[in-house]
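Step one of this worksheet: look at the structure below.
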Amino acid sequence: MSQAEQHLADFIVNLRTASVPAAERRIVRRIVQTVIGTGFAGAAEDGVKALRELLLESGGTAQATTLVYGDRLPAHAAAQFNGTMCRALDFCDAMAPGPHFGAALFPAALAAAELAGGCSGSEFMAALAAGAEVGSRLNLTEAQYNGFDPTGIVAGFAATAAAARILGLTRQQTLHALALAFNRCGGSFQSHVDGSLGVRVVQGWMAETGVRCAQMAQRGITGPQNFLGGHYGFGHLYGRDTLDLDAVTAGLGERWKLRNVVFKKYPSCGVTQGVTELTLAWMAETGLGAADVRSAEVRLPPYAHRLVGHAFHVGANPRVDAQFNAGYCVANALVRGSSKLRHFAPVDIGDTTVQEMTGRIRVIADERLDARGHASVDLRLTTRDGQVALRQLDIPPGFPGNDLDDAQHLVRFEDCMAYAPRPPSVEQRQRLLRAVEALDTLGDVRELLPLLSPR
């Protein structure tokens, strides 16, 4: 067994909230706020009703609570449902180059807290921080993922780490829980490219994985202890024999990788954030809009282009088609002067003005942008009178180095509440936000439940 597996397990078991720096605790609170908001907003999205019906039909011991609806399900099933719903709008937290941790991490941790019969806010914070850090440490490069869905590869480790900590697993049990999670890695970006609901389903599976793997390890079920450095371990299969295992745990607990979490300003794929920002900034600067634009050209790094650079078409799941299409994001911003959750609803996606504008936008892969960063983008706009404007951006809003402030986080949250089919009252929202801000001081995180599924 390599030292990396042992170090991760030790870190998860021994971390204390007092050892988590204030900046990282703030990031964890923002993850929780973000996931809660997207959960409420995604409660009626495609696939959510069907999954709810399926899980209720399957039955089982009532152990944990679903967000918004307040159903009681087995803990792993509640985590799966909540994770799927919280990812349905793709407006949850993310990380470059791609995994979405929070929508697996928080649902798994919350279900584990109910399963354990309660969990203090301090312990919950430690579990979330440990999970987010473990997931961040295992995040790979674009070349290593090479088409795998990053969420399906590493978010399960984050969720499992948090659930194991909350359920009180020993160091050895925690190691086996992570090893079992290794066997649940999977998922392809083809789900995104094809506009399928598989994107959000994978997220739910990763939340479920966290609870299930912790439960199994607690009962003595073992996984491959050499899950990172073994001959057929993570480093070989997903790291493609280029993963530095020593770097995975170097400075663990001292240098925090979770600070690389991304919080989206706009409700679409992370690699569309920059071009949306450039479009809106150009409009604000010039006072011009869609009627003034003859054509537009978007240049993206090849990895981003493969994900969001294809020609736009409306398929069986229009929201996914639009979320993962740079052309649509530019056209929407030009036509509507903003980018809100409602703009990615099927009725707005089908708007003929937006569709016509989308047809005038070319999206090109440009290898030169690789040197500038994962989410770099160039936007060239040509007006009807022949003027050409070039705008460039390397760090989109919400990415490390261009962080959203508290006011912008609140705008995101309120956009989710405005879109939510079953939003809590204003007073309940205020109580919820205060509780999240005081997360690590709560006597029991189950105090959140009445606010997360208000009747």
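What you see is a predicted model; the values in this text were computed from it and never measured. Along the sequence shown, the residues carry numbers beginning at 1.
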Worksheet item: Could you state the interatomic distance from CG (Asp366) to CG (Leu300), rounded to the nearest 0.5 Å?
Response: 9.0 Å
Discussion item. If you compare all heavy atoms of Asp93 against all heavy atoms of Thr34, which two are closest, and at what distance to 0.1 Å?
Written reply: N-CG2, 3.6 Å
Worksheet entry | Asp194 side chain to Ser196 side chain, donor-acceptor N/O pair below 3.5 angstrom | no
Practice prompt. Take Arg294 and Thr383 through the side chain to side chain contact (heavy atoms under 4.5 Å, CB included) test and state the conclusion after the steps.
Written response: CA-CA 5 Å; Arg294 178 191 300 165; Thr383 61; over 6 Å; no
Fill in: Proximity of Tyr145 and Tyr238 rings by center, below 6.0 Å
no
Practice prompt. Report yes or no: do Asp348 and His343 form a side-chain donor-acceptor pair below 3.5 Å?
Written response: no
Discussion item. Treating Asp149 as the side-chain partner and Phe189 as the backbone partner, does any N or O pair qualify as donor plus acceptor under 3.5 Å?
Written reply: no
Item to complete: Check whether the side chains of Arg431 and Gln428 place a donor and an acceptor atom closer than 3.5 Å, and report yes or no.
Response: no
Worksheet item: Quick one: do the Gln387 and Thr382 side chains pair a donor with an acceptor below 3.5 Å?
Response: no
Worksheet entry | Between Asp378 and Gln392, a side-chain donor and acceptor under 3.5 Å | yes
Item to complete: Report the C-alpha separation of Ile31 and Phe263 in whole Å, then their side-chain angles, then the decisive distance to 0.1 Å, and conclude whether the side chain to side chain contact (heavy atoms under 4.5 Å, CB included) test is met.
Response: CA-CA 8 Å; Ile31 289 174; Phe263 296 99; 3.8 Å; yes
Fill in: Donor + acceptor pair across side chains of Thr141, Gln144 (<3.5 Å)
yes
Fill in: Cation-pi check, Arg52 onto Phe81 ring (under 6.0 Å, within 45° of axis)
no
Worksheet item: Between Arg26 and Glu437, is there a salt bridge with N-O shorter than 4.0 Å?
Response: no
Worksheet item: Do the side-chain N and O atoms of Glu142 and His374 include a donor-acceptor pair separated by under 3.5 angstrom?
Response: yes
Practice prompt. Start with the C-alpha gap between Arg30 and Gln33, add the side-chain angles, then the distance that decides, and say whether side chain to side chain donor-acceptor pair (under 3.5 Å) holds.
Written response: CA-CA 5 Å; Arg30 289 293 168 264; Gln33 177 181 314; 3.3 Å; yes
Discussion item. Test side chain to side chain contact (heavy atoms under 4.5 Å, CB included) on Leu381 and Val388; report intermediate values, then the result.
Written reply: CA-CA 6 Å; Leu381 294 153; Val388 177; over 6 Å; no
Fill in: More than 12 heavy atoms from other groups under 6.0 Å of CZ on Arg380
no
Discussion item. Closer than 3.5 angstrom, by distance alone: can the side chain of Ser453 be matched with the main-chain N or O of Pro450 as a donor-acceptor pair?
Written reply: no
Practice prompt. Working to the nearest 0.5 Å, report the span between CD of Gln355 and OG1 of Thr358.
Written response: 6.0 Å
Worksheet entry | Residues Glu277 and Tyr266: side-chain donor-acceptor under 3.5 angstrom | yes
Fill in: Lys/Arg-Asp/Glu bridge criterion (N-O < 4.0 Å) met for Arg259, Glu24
yes
Worksheet entry | Distance, nearest 0.5 Å, that separates CZ of Arg342 from CZ of Arg336 | 8.5 Å
Worksheet item: Does a side-chain N-to-carboxylate-O contact under 4.0 Å join Arg372 and Asp394?
Response: yes
Worksheet item: Salt bridge check: are Arg319 and Asp90 linked by an N-O gap of less than 4.0 Å?
Response: no
Worksheet, complete the sentence: For Leu280 and Ser338, the nearest pair of non-hydrogen atoms, with its separation, is CD2-N, 3.6 Å
Discussion item. Salt bridge or not between Arg299 and Glu297? Use side-chain N to carboxylate O under 4.0 Å.
Written reply: yes
Item to complete: Could you tell me whether the side chains of Thr272 and Ser268 share a donor-acceptor contact shorter than 3.5 Å?
Response: yes
